[in-house]
Amino acid sequence: MSDIIQQYRIEKEPYYRPVSDEVELYEAAYSVRMPMMLKGPTGCGKTRFVEHMAWKLGKPLITVACNEDMTASDLVGRFLLDAQGTRWQDGPLALGARFGAIVYLDEVVEARQDTTVVIHPLTDNRRVLPLEKKGELVHAHPDFQLVISYNPGYQSLMKDLKQSTKQRFGGLDFNYPDHAIETEIVAHETGVNAEVAGKLVSIAERARNLKGHGLDEGISTRMLIYAGSLIATGVDPVKACRVALVRPITDDPDMRDALDAAVTTFF
Ligand code: ADP
């Protein structure tokens, strides 16, 4: 296997606390190389899950954060000019398909639809990637799998995946874990004790109930980990929560005060 792909191997087990039967379902999906879509709000564990699964399956993982300026060449590859002349450089999709990685396209809905369609021939039984500019057809390595993440909350008419893209994937739902599990995760990731972690989770639960009532997104597990990490360094919990949980999610003074009040209820 090429040296380039080695750097995408995950040596150490990424901590992942299963929430349901997602590990077994993913293993079954990988065994038939089914392209997978991980659905759920931002910061709820999708990326950590795919890192854990890549480690467990012993496959390299190539992650691409998608954005609207991304072009098909950013995924597939392009010719570069250097002192020796032009040379082809594989993009992440070509690299993963060639050498048998799991390629994870994070927030794929951010990419324009004309970019997204380049994944189509890789996601059906052809499992090929045409490198049109190079005149090469890459036949995907048997280990190759495509995974995308998708936050249905951001979905709008302008920004949604085409049905013809969606139907090429199996889907797994992700959400914030229940109270006890999320407490365990926050404590594990930050080193705060279970009592403090439980309070952080309770604050998040209050904020999540406000989603759609003035808040676009609730407080994510990722944000709780930021707050817990600050507390673990000795920052006062109320201040840590303001910085890590409240200020980032709202600019509205009334909502900010309501969330600050929720923080002082617990700390
Ligand atoms: P997403 O990809 O859904 O935006 P991440 O996977 O980056 O979110 O999750 C944010 C953080 O939350 C992770 O870095 C990890 O610390 C933590 N996390 C969330 N869910 C879990 C879980 N089930 N097990 C372990 N850590 C988790």
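Positions are given from 1 along the sequence. Counting convention: from 1, in listed order, for ligands and their atoms alike.
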TODO: List the atom of Lys46, the atom of Lys39, and the distance in Å for their closest heavy-atom pair.
DONE: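 For Lys46 and Lys39, the tightest heavy-atom pair comes out as CD-C, 4.1 Å.
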
Among protein heavy atoms, which lies nearest [atom], and at what distance?
atom: atom 16 (O) of ligand 1; result: Glu189 OE2, 2.4 Å
atom: atom 9 (O) of ligand 1; result: Gly45 N, 3.3 Å
atom: atom 7 (O) of ligand 1; result: Arg222 NH2, 3.1 Å
atom: atom 18 (N) of ligand 1; result: Ile185 CG2, 3.8 Å
atom: atom 24 (N) of ligand 1; result: Arg17 N, 2.8 Å
atom: atom 2 (O) of ligand 1; result: Thr47 OG1, 2.5 Å
atom: atom 12 (O) of ligand 1; result: Ile225 CD1, 3.5 Å
atom: atom 4 (O) of ligand 1; result: Gly43 N, 2.6 Å

TODO: Assess the side chains of Glu217 and Thr42: does a donor N or O sit below 3.5 Å from an acceptor N or O?
DONE: no

- [ ] Establish, yes or no, whether the cationic atom of Arg208 lies under 6.0 Å from the six-membered ring centre of Tyr176 and within 45° of the ring axis.
- [x]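 Geometry flag: set, cation within 6.0 Å and 45°.
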
Open item on the list: Taking the six-membered ring of Tyr226 as reference, does the cationic atom of Arg222 (NZ for Lys, CZ for Arg) lie under 6.0 Å from its centre and within 45° of its axis?
Closed with: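 No.
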
TODO: Only one of His141, Glu136, His139 passes side chain to side chain donor-acceptor pair (under 3.5 Å) with Arg98; say which it is.
DONE: Glu136

Open item on the list: Side chains of Tyr104 and Val64, heavy atoms from C-beta outward: is any pair under 4.5 Å?
Closed with: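 No, too far: nothing below the 4.5 Å cut-off.
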
Task: Thr221 N/O to ligand 1 N/O under 3.5 Å - done: no

- [ ] Would you please determine whether Cys44 falls within less than 4.0 Å of ligand 1 on a heavy-atom basis?
- [x]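 For ligand 1, residue contact (heavy atoms, under 4.0 Å) with Cys44 is present.
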
- [ ] From the options Val147, Thr115, Asn151, Thr116, select the one residue that forms a side chain to side chain contact (heavy atoms under 4.5 Å, CB included) with Val108.
- [x] Thr116

- [ ] Check ligand 1 against Tyr15 and write out every atom of the ligand that is under 4.0 Å from a heavy-atom position of the residue.
- [x] 25 (C)

Task: Atoms of ligand 1 close to Thr42 [distance to a heavy atom under 4.0 angstrom, numbered from 1] - done: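 What qualifies from ligand 1 is 4 (O).
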
Open item on the list: Are more than 12 heavy atoms, taken from residues, nucleotides or ligands other than Glu132, located less than 6.0 Å from that residue's CD atom?
Closed with: no

